[in-house]
Amino acid sequence: MSTDSSRRIQVPDELKEVLLQFSISYLVEQPPDLLDFAAEYFNKLQANRPTTATDNGADDQISLNSQDGDAEPPIVQSTRRKSVFAEAYDPEADDDDEGATAIFPKTDDQRARLVESVKNVLLFRSLEKEQMNQVLDAMFERKVEPGDFIIRQGDDGDNFYVIESGIYKVYINDKHISTYNHTGLFGELALLYNMPRAATVQAETVGLLWAMDRQTFRRILLKSAFKKRKMYEELLNNVPMLKALQNYERMNLADALVSKAYEDGERIIKQGDAADGMYFIEEGTVSVRMDQDDSEVEISKLGKGQYFGELALVTHRPRAASVYATGGVVKLAFLDTDAFERILGFLTDVLKRNILMYEQMFTEMARRNTNL
Ligand code: 1OR
Ligand code: 1OR
């Protein structure tokens, strides 16, 4: 007779993967009938099964999602889904680097306008100069009229867009969820994760967009953007203040972050200085100190997942304290003032609650000092 452990049933990886993908699709799409949905899902999966390994074009290499374009579009609300895709994608194995990039000649005026439009595109932050030039060459102009649908939820991704002008409304399942006002970018998600379009984008006014085709986007931007979003995913998921952000906003935040490292004892912020941004702690500990008479006193220690330097940004005042790296190398993710205002501006209320706490502690400290 075999023992229980020797008879344990092995679950093949393929089964786990298929069931996981199915469960994600079911949870994201929330269809009314499980069995109908399952039958349709697996039929489609079977119909789309590649006959040979080479059947998938280079572009499809990273696709885990076997649904085709007319499947119900995903909603990007679920971290689970995004993480699964992010995890499964190995940018190193993606050799989309080959081939020439399209070049769209531009007048001086066009180029100047394009440079201005992409100045604040966070996704382009990690690009080297030469890659940036490739991006500028590859972008082409698209004029839009009020009511034009630029992107329809559920479609396959063709282009990625940077806004030069115009107002654009974003809809998920016909519900208006956000608006772009003469600035920003959209259409990167489907190209980044090889998924159907997550939302519909419709022009409200006349406008001008700069577009880049899927191939060029993937060749130039995929690796850098993907790595960065992945790298900061865990850090940002574990910052309590950022729980209020949508996943999508957290990804934009990841694009904006810049890694910085400080040696033990090094000063990161000096009390009284003007502020240029705030910091999230990736690794290590920092000591917050305030000037008192001729010396400094430690008022707080902060560690992984915590942040500092937000106070001056919210109050528009000089730095309230100095901050030092302590106990070894400290790794930080830096968010500059401009990106802070654009991405976290609406969190000011949450941040203000902390400021209230700082003020209460300060009053308390002052009271104790005078009582001494
Ligand atoms: P795409 O290629 O999927 C639709 O095509 C685009 O709409 C998408 O890329 C984004 O660039 C853009 N969730 C998902 N996509 C969004 C969102 C969004 N906002 C703009 N797009 N959310 C709104 C967050 C304020 C999250 C809603 C749950
Ligand atoms: P900042 O931009 O003014 C210094 O630059 C940072 O130290 C500040 O933002 C906060 O992020 C951080 N009072 C003031 N700033 C503090 C405090 C603090 N703690 C951390 N910082 N207090 C300690 C509260 C535990 C009150 C002391 C009286």
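Numbering starts at 1 and runs along the sequence shown. In each ligand, atom 1 is the first atom listed, and ligand 1 is the first ligand listed.
Not a single donor-acceptor pair under 3.5 Å links the side chain of K331 to the backbone N or O of K260. Proximity of a side-chain donor or acceptor of D293 to a complementary backbone N or O of S295 within less than 3.5 Å is not detected.
Numbered from 1 in the order shown, with element, the atoms of ligand 1 that lie under 4.0 Å from a heavy atom of I172 read 13 (N), 27 (C). Taking a cut-off of under 4.0 Å to the non-hydrogen atoms of G187, the atoms of ligand 1 that pass are 1 (P), 2 (O), 5 (O), 6 (C), 8 (C), 9 (O), 10 (C), 11 (O). Residue E188 has at least one heavy-atom neighbour below 4.0 Å for each of these atoms of ligand 1: 2 (O), 9 (O), 10 (C), 11 (O). Ligand 1 places these atoms under 4.0 Å from at least one heavy atom of R197: 1 (P), 2 (O), 3 (O), 5 (O). Taking every heavy atom of A190 and a limit of under 4.0 angstrom, the matching atoms of ligand 1 come to 1 (P), 2 (O), 3 (O).
Not a single N or O atom of L191, backbone or side chain, sits closer than 3.5 Å to an N or O atom of ligand 1. Geometrically, ligand 1 and F186 share no nitrogen or oxygen pair separated by less than 3.5 Å. Residue-to-ligand polar distances keep I151 apart from ligand 1: every N/O pair is separated by 3.5 Å or more.
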Note to self: Pair F280, F308 - check ring-ring contact (aromatic ring centres under 6.0 Å, His included), show working.
What the structure shows: CA-CA 7 Å; F280 296 93; F308 57 90; 9.2 Å; no
Item checked: Test log, rule ring-ring contact (aromatic ring centres under 6.0 Å, His included), inputs Y180 and Y168 -> CA-CA 5 Å; Y180 292 99; Y168 303 85; 7.3 Å; no
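If you look at E249 next to ligand 1, the close heavy atoms, those under 4.0 Å, all belong to the side chain. Only side-chain heavy atoms of I177 come within less than 4.0 Å of ligand 1; its backbone N, CA, C and O stay farther off.
At least one heavy atom of Y180 sits under 4.0 Å from some atom of ligand 1. Using 4.0 Å as the threshold, G157 has no heavy atom nearer than that to any atom of ligand 1.
Side-chain contact between R319 and D276 is present, with at least one heavy-atom pair separated by less than 4.5 Å. Proximity of L123 to L185: side-chain heavy atoms (C-beta onward) are separated by under 4.5 Å at one or more points.
Residues satisfying the side-chain hydrogen bond (donor to acceptor under 3.5 Å, both in side chains) criterion with S259, sequence neighbours excluded, are Y232, E282. Residues passing the side-chain hydrogen bond (donor to acceptor under 3.5 Å, both in side chains) test with D158, sequence neighbours excluded: R197.
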Between the protein and ligand 2, are there any N or O atom pairs that come within less than 3.5 Å of each other, and if so, what are their names and distances?
from     : atom 1 : to   : atom 2 : distance (Å)
ligand 2 : 2 (O)  : G309 : O      : 3.3
ligand 2 : 2 (O)  : A312 : N      : 3.0
ligand 2 : 2 (O)  : R319 : NH1    : 2.7
ligand 2 : 3 (O)  : A320 : N      : 2.8
ligand 2 : 9 (O)  : G309 : N      : 3.4
ligand 2 : 9 (O)  : L311 : N      : 3.4
ligand 2 : 11 (O) : G309 : N      : 2.8
ligand 2 : 11 (O) : E310 : OE1    : 2.6

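With Y324 as the fixed residue, the side chain to side chain donor-acceptor pair (under 3.5 Å) test singles out one of E298, R289, E296: E296.
The pair E188-R229 meets the salt-bridge criterion, with a side-chain N (NZ, NE, NH1 or NH2) lying under 4.0 Å from an Asp/Glu carboxylate O.
For the pair R214 and F160, the NZ or CZ position fails the cation-pi test of under 6.0 Å to the six-membered ring centre and within 45 degrees of the ring normal.
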Let me have the donor-acceptor pairs involving side chains of residues 261-272, under 3.5 Å, with sequence neighbours excluded, atom names and distances please.
from : atom 1 : to   : atom 2 : distance (Å)
D264 : OD1    : G327 : N      : 2.9
E266 : OE1    : E263 : N      : 2.8
Q271 : OE1    : D291 : N      : 2.8

